[in-house]
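For reference, the structure is listed below as structure tokens.
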2 protein chains.
Amino acid sequence: MNDPEVRQLWYFVAVAEELHFGRAAARLGMAQPPLSRAIRDLERQLGVALLERTTRQVRLTAAGEVLLRDARAALEAVTAAARRAREAGRVSPRLRVALKADVDGGLLPQILDAYCADGAALPPELVLGRFGEQPQALREGRADVGLVLCPFDDRGLDREPLLTEPLLVALAAADPLAARTELCLADLAGRKLPGGSAASDGRPTGPRRPGAGWPASNLSEIFSLVETGSVVFFAPASVARRYRRPALAYRPVTDLPDSTLALAWPEDTSSPAVAAFVRAACTVAATRVESVMPS
Amino acid sequence: MNDPEVRQLWYFVAVAEELHFGRAAARLGMAQPPLSRAIRDLERQLGVALLERTTRQVRLTAAGEVLLRDARAALEAVTAAARRAREAGRVSPRLRVALKADVDGGLLPQILDAYCADGAALPPELVLGRFGEQPQALREGRADVGLVLCPFDDRGLDREPLLTEPLLVALAAADPLAARTELCLADLAGRKLPGGSAASDGRPTGPRRPGAGWPASNLSEIFSLVETGSVVFFAPASVARRYRRPALAYRPVTDLPDSTLALAWPEDTSSPAVAAFVRAACTVAATRVESVMPS
DNA sequence: GTCATTCATACCCCCAGGGTACCAATCGCG
DNA sequence: CGCGATTGGTACCCTGGGGGTATGAATGAC
């Protein structure tokens, strides 16, 4: 009936991910027997078998699958609580804005200006991360608000869409396809994306989710690869505008859905600074839309 | 840098709620000195002052406020993980459906029928709770899916609206206002609600949130109070249909927004049974809407 | 059959978390 | 102003649990 301890959850997650007590113990920096015992105790507490072990194999039970998912979420919540409390206790608290460099729809400077003009504003601090890491950073309390491209994993987050713009494909200027004025996804079949997989792998909605490791952490490296013709890349129009280069060509893709830039923040946020940032961003986005398409 | 332990978070929440080390210790079933030490250790770990203590008073710091909020969420996540794992480990797992008795828009029997016909269905088990407790039950892992009235606290939950219907006011038949065919909120000014507050207290969107303790746990008791004329009550039309009594009158309230019944479930759910229930409920709701308003 | 791999058991030790006793600061009150 | 009551902190002890090492047992490869 008692709650498990955080330590036990870390242990379980490690074992569940490794499916190997020895490796998990090594990862946790401890010996294997106490780890085995800790997992056994956890199973006793919960009254549930979490793992099926033979001497040759460890597998998750159904309950184990459930707990793995929920334990990760719970651990995230705990570390987020700690990090946010630490941040809130700083003598000069800041508003930590998570984003991928250059993926801001060109709005960031104006948003920051508008935000800083707000009375409730704390000094902003940019938390740069790789693409797709922003939601995780928010859930783990490493940032207070973030700029993300939809769709993203919004568990535990609130959002506000800011800007929708077409997704373009970036090609080497020398690429035969660059001769055409517009393309469809089928034209790109077989082309490689920076992540490594093929362009028409069923997930053509722009840059991919985390996990699938990027070879390059920054966009300049990716665009360099594109220039050489070794990969193609999907980029929102505002990103494309920043990386105009002679050897690069951008072409619209007719059957690619638009890309939406959104603001996201933890669901239970009560910070006036976050509220001020959201207000500022929405205002800037609204005026920007007006100026682009005056009704 | 280390994560706090669940135990420390419980301790902190207790102290933060009581604002008194002695009482908090009593609530936790322990002596006061180790509690003081545990809180001090937590503050050391986080590098942040959470409480301002004098010998006469304990107050939360800003960081303490933040941690109180986040620690509650984290503890919820931990207990939810434990409960869901226990449930998933049962020999005969069930689908636990949280609802307030009678608040189902009259759809429940058909939803259950349609759900049980699905191949992915587990035997359903109704988890009855007081009004507004359903979201909390879902977050704490006491139920897998729930029927709730909007608006509700949907942190950590996904939702699907099922049915929108007008909210009626229930009056004693002898009430002078019952002579009129329709009312507006201003007419009800000064009337008491079962919760105790006045009818026009700025939250006229139907039955209230948890917290404000209900005097009666079931609707029959509430409607008995209404019959005596001591209170008025806002009820969705489908609830009103179940409690037609001679001494009761239902009247539309012109400026009251409609009430929406929705299905809610934890955001990270992957259970096929929940998916089947959602499908079934949506199908039933759709056909019901058609039959009520054939387009 | 033999060996390697891997998880479980047995046993030991240390310290962290809890208890008791006492101190110190603050407020109320005569 | 002094005394007591209240309440949080400090000092100290002690037990249990979490971690380590050594070893056993089961399974699969050859």
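Below, chains carry the letters A, B, ... as their sequence lines are ordered, and counting in each starts from 1. As a basis for the values below, the full set of heavy atoms in this structure was taken, side chains included, without hydrogen atoms, waters or symmetry mates.
Between A:Arg53 atom CZ and C:dC7 atom P there is a gap of 9 Å when expressed in whole angstrom units. A:Glu18 has its CD atom 12 Å from the P atom of C:dT6, to the nearest Å. When the C1' atom of C:dT9 is taken as reference, atom CD1 of A:Ile39 falls 17 Å away, rounded to whole Å. The CG atom of A:Leu19 sits 10 Å away from the P atom of C:dC7 (whole-angstrom rounding). At whole-Å resolution of the value, CZ in A:Phe12 and P in D:dG18 are 18 Å apart. Distance, A:His20 NE2 to C:dT5 P: 10 Å, rounded to whole Å. Protein atom CG of B:Asp41 is 12 Å distant from nucleotide atom C1' of C:dG18, rounded to whole Å. With rounding to whole Å, A:Glu5 atom CD is found 11 Å from C:dG17 atom C1'.
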- Message: One character per nucleotide, please: for nucleotides 25-30 of chain C, 5' to 3', B when the base has a protein heavy atom closer than 4.0 Å, S when only the sugar-phosphate does, - otherwise.
- Response: BBS---
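The side chain of A:Tyr11 has D:dG19 as its nearest neighbour among D:dG19, D:dG9, D:dG8. Comparing C:dA8, D:dT21, C:dG17 against the side chain of B:Arg7 picks out C:dG17 as the nearest. Each of D:dT21, D:dG19, C:dT20 was ranked by its minimum atom distance to the side chain of B:Pro33; first place goes to C:dT20. The side chain of B:Phe21 lies closest to D:dG9, out of D:dG9, D:dT21, C:dG19.
If you check the side chains of A:Glu52 and A:Gln57, you find no donor sitting under 3.5 Å from an acceptor.
Open room surrounds CZ on B:Arg59; 12 or fewer heavy atoms of other groups in view lie less than 6.0 Å from it.
Projected onto DNA chain C by closest heavy-atom contact, B:Gln8 and A:Arg40 fall at different nucleotides, the more 5' of which corresponds to A:Arg40.
Within 4.0 Å of B:Arg37, counting heavy atoms only, lies at least one base atom of the nucleic acid. Within the 4.0 angstrom heavy-atom criterion, base atoms lie near A:Gln32.
Applying the salt bridge (charged side-chain N to carboxylate O under 4.0 Å, His left out) test between B:Glu76 and each of B:Arg84, B:Arg139, B:Arg69 identifies B:Arg139 as the sole match.
For the pair A:Thr269 (side chain) and A:Ser271 (backbone), a donor-acceptor distance under 3.5 Å is absent.
For A:Arg72 and B:Asp268, the salt-bridge test fails: no basic side-chain N is under 4.0 Å from an acidic carboxylate O.
Rounding to the nearest 0.5 Å gives a distance of 9.0 Å between CZ of B:Phe12 and CG of B:Leu46.
Looking at A:Glu267 and B:Glu267, their side chains come closer than 4.5 Å, going by heavy atoms from C-beta outward.
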